[in-house]
S.K.: 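Handing you this structure, nothing more for now.
This structure is a prediction, so every number in the text was calculated from the model and none was measured. Naming: A, B, ... by sequence-line order, numbering from 1 per chain. Computed from heavy atoms alone, side chains included, the values below leave out hydrogens, waters and symmetry copies.
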Amino acid sequence: SQTIHQWPATLVQPVGSPLSLECTVEGTSNPNLYWYRQAAGRGLQLLFYSVGIGQISSEVPQNLSASRPQDRQFILSSKKLLLSDSGFYLCAWSGYDSYEQYFGPGTRLTVT
Amino acid sequence: QKEVEQDPGPLSVPEGAIVSLNCTYSNSAFQYFMWYRQYSRKGPELLMYTYSSGNKEDGRFTAQVDKSSKYISLFIRDSQPSDSATYLCAMKGSGTYKYIFGTGTRLKVLA
């Protein structure tokens, strides 16, 4: 069966510090991968998605970036965090030949 | 107008009640529909997924899609306190990789 991992689970970072969140998927090949942010009391905001290694589509221009160095690995990064980057970051995957989307456990980021 | 509208609630019901959760949408190109359950501080869990119109049942859960009205529903029978969570609807068109989510309905089932 497929499993999606995210780490760390929680993170507290000062403003201006760098960020690296990692997501890996097990049990499937060539998944579509997604990064979302969920602010308190608000819906899911799509940040990036990737349909293959090195292929990244950005949905929201901001100080975040994403990379997909391996088929089942998706990384969210920032060089300098802003207070507004605080939120719940969710990684998700869908099969290349299916439409259901599955989410990871999330990373709660607090920028202080 | 948002592409997907969902009443934020909270919706409070007594244990054992039938719960009806709904979303409306404006894009007639949507063909794939999903319902997620999200507990506080957890990732969303996929509950039901359907393609095009019709009903799909899984245990106490029934998903219903009415494409002519651009309206989808999730019914929960014999609701339990453990069903207390936020329920998100999501949808997608064919030929696109992007999913559009509702903002979620918070459900409270009272023991």
Side-chain angles (χ1 to χ4, degrees), chain A residues 1-11 21 23 25 30-52 55-60 66 68 74 87-110, chain B residues 1-10 21 23-25 27 29-53 56 58 61 63 65 72 74 85-107:
Chain A
S1 65
Q2 299 87 4
T3 309
I4 180 168
H5 302 279
Q6 281 187 252
W7 64 90
T10 60
L11 193 59
L21 303 181
C23 170
V25 181
N30 197 26
N32 300 320
L33 297 172
Y34 301 79
W35 279 111
Y36 292 89
R37 178 169 59 203
Q38 188 176 39
R42 298 178 65 179
L44 289 166
Q45 179 187 28
L46 177 63
L47 301 175
F48 302 93
Y49 67 93
S50 171
V51 301
Q55 300 179 59
I56 309 294
S57 296
S58 173
E59 289 298 302
V60 182
R68 184 170 177 174
F74 206 21
F88 192 42
Y89 287 81
L90 291 157
C91 182
W93 73 275
S94 64
Y96 71 93
D97 60 349
S98 62
Y99 64 90
E100 315 94 82
Q101 185 176 66
Y102 299 90
F103 284 85
T107 295
R108 189 159 302 278
L109 171 66
T110 303
Chain B
Q1 182 189 8
K2 291 182 180 179
E3 280 192 283
V4 178
E5 299 275 2
Q6 187 175 10
D7 189 327
L21 302 166
C23 287
T24 59
Y25 62 95
N27 189 342
F30 290 148
Q31 294 190 39
Y32 304 98
F33 304 92
M34 285 140 281
W35 284 97
Y36 292 85
R37 176 175 62 196
Q38 186 176 23
Y39 292 114
S40 180
R41 307 181 76 83
K42 301 291 185 183
E45 172 192 3
L46 180 62
L47 279 179
M48 301 283 288
Y49 53 95
T50 56
Y51 169 68
S52 194
S53 287
K56 184 176 181 180
D58 184 2
F61 299 93
V65 175
I72 67 170
L74 177 70
T86 296
Y87 290 80
L88 301 162
C89 64
M91 45 201 80
K92 186 175 96 66
S94 62
T96 175
Y97 296 104
K98 294 196 287 185
Y99 296 74
I100 308 300
F101 286 81
T103 52
T105 298
R106 189 175 168 198
L107 172 67

S.K.: What part of B/Arg106 gets within 4.5 angstrom of chain A, counting heavy atoms only: side chain, backbone, both, or neither?
M.R.: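 Contact with chain A is absent: no heavy atom of B/Arg106 under 4.5 Å.
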S.K.: Identify which part of B/Thr96 has an atom lying under 4.5 Å from any heavy atom of chain A, answering side chain, backbone, both or neither.
M.R.: neither
S.K.: What part of B/Leu88 gets within 4.5 angstrom of chain A, counting heavy atoms only: side chain, backbone, both, or neither?
M.R.: side chain
S.K.: Under 4.5 Å heavy-atom distance to chain B, tell me which part of A/Gln6 shows up: side chain, backbone, both or neither.
M.R.: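 Contact with chain B involves no heavy atom of A/Gln6 at all.
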S.K.: Who among B/Tyr51, B/Tyr99, B/Tyr32, B/Phe101 has the most heavy-atom pairs with chain A under 4.5 Å?
M.R.: B/Tyr99
S.K.: Side chain, backbone, both or neither: which part of B/Gln31 has a heavy atom under 4.5 Å from chain A?
M.R.: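 Neither the backbone nor the side chain of B/Gln31 comes within 4.5 Å of chain A.
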S.K.: For the residue pair A/Arg68 / A/Ser50, report whether a side-chain donor-acceptor contact shorter than 3.5 Å exists.
M.R.: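 The criterion, which ignores hydrogens and geometry beyond distance, is satisfied for A/Arg68 and A/Ser50.
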S.K.: Under 4.5 Å from any heavy atom of chain B, what part of A/Tyr99 do you find: side chain, backbone, both or neither?
M.R.: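 Both parts, heavy atoms under 4.5 Å.
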S.K.: Against chain A, label B/Lys42 side chain, backbone, both or neither, depending on which of its atoms sit under 4.5 Å from a heavy atom there.
M.R.: backbone
S.K.: Does NZ or CZ of A/Arg108 fall inside the cone over A/Phe88's six-membered ring, less than 6.0 Å from its centre and within 45° of the axis?
M.R.: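 The answer is yes, since A/Arg108 meets both limits relative to A/Phe88.
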S.K.: So B/Phe30 and B/Val4, do their side chains get closer than 4.5 Å, heavy atoms only?
M.R.: yes
S.K.: Centroid-to-centroid, A/Tyr34 to A/Phe74, below 6.0 Å?
M.R.: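 Not under 6.0 Å, so no.
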S.K.: Check for me whether the distance between the ring centres of A/Tyr36 and A/Phe103 falls short of 6.0 Å.
M.R.: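 Yes.
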S.K.: Would you say the side-chain atoms of A/Gln45 and A/Glu59 include a donor-acceptor pair closer than 3.5 Å?
M.R.: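 Result is no, nothing qualifies.
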S.K.: For the residue pair A/Trp35 and A/Phe48, is the inter-centroid distance of their aromatic rings smaller than 6.0 Å?
M.R.: no
S.K.: Only pairs of heavy atoms separated by less than 4.5 Å count here; which of A/Ser57, A/Gly106, A/Pro105, A/Cys91 has the most with chain B?
M.R.: A/Pro105
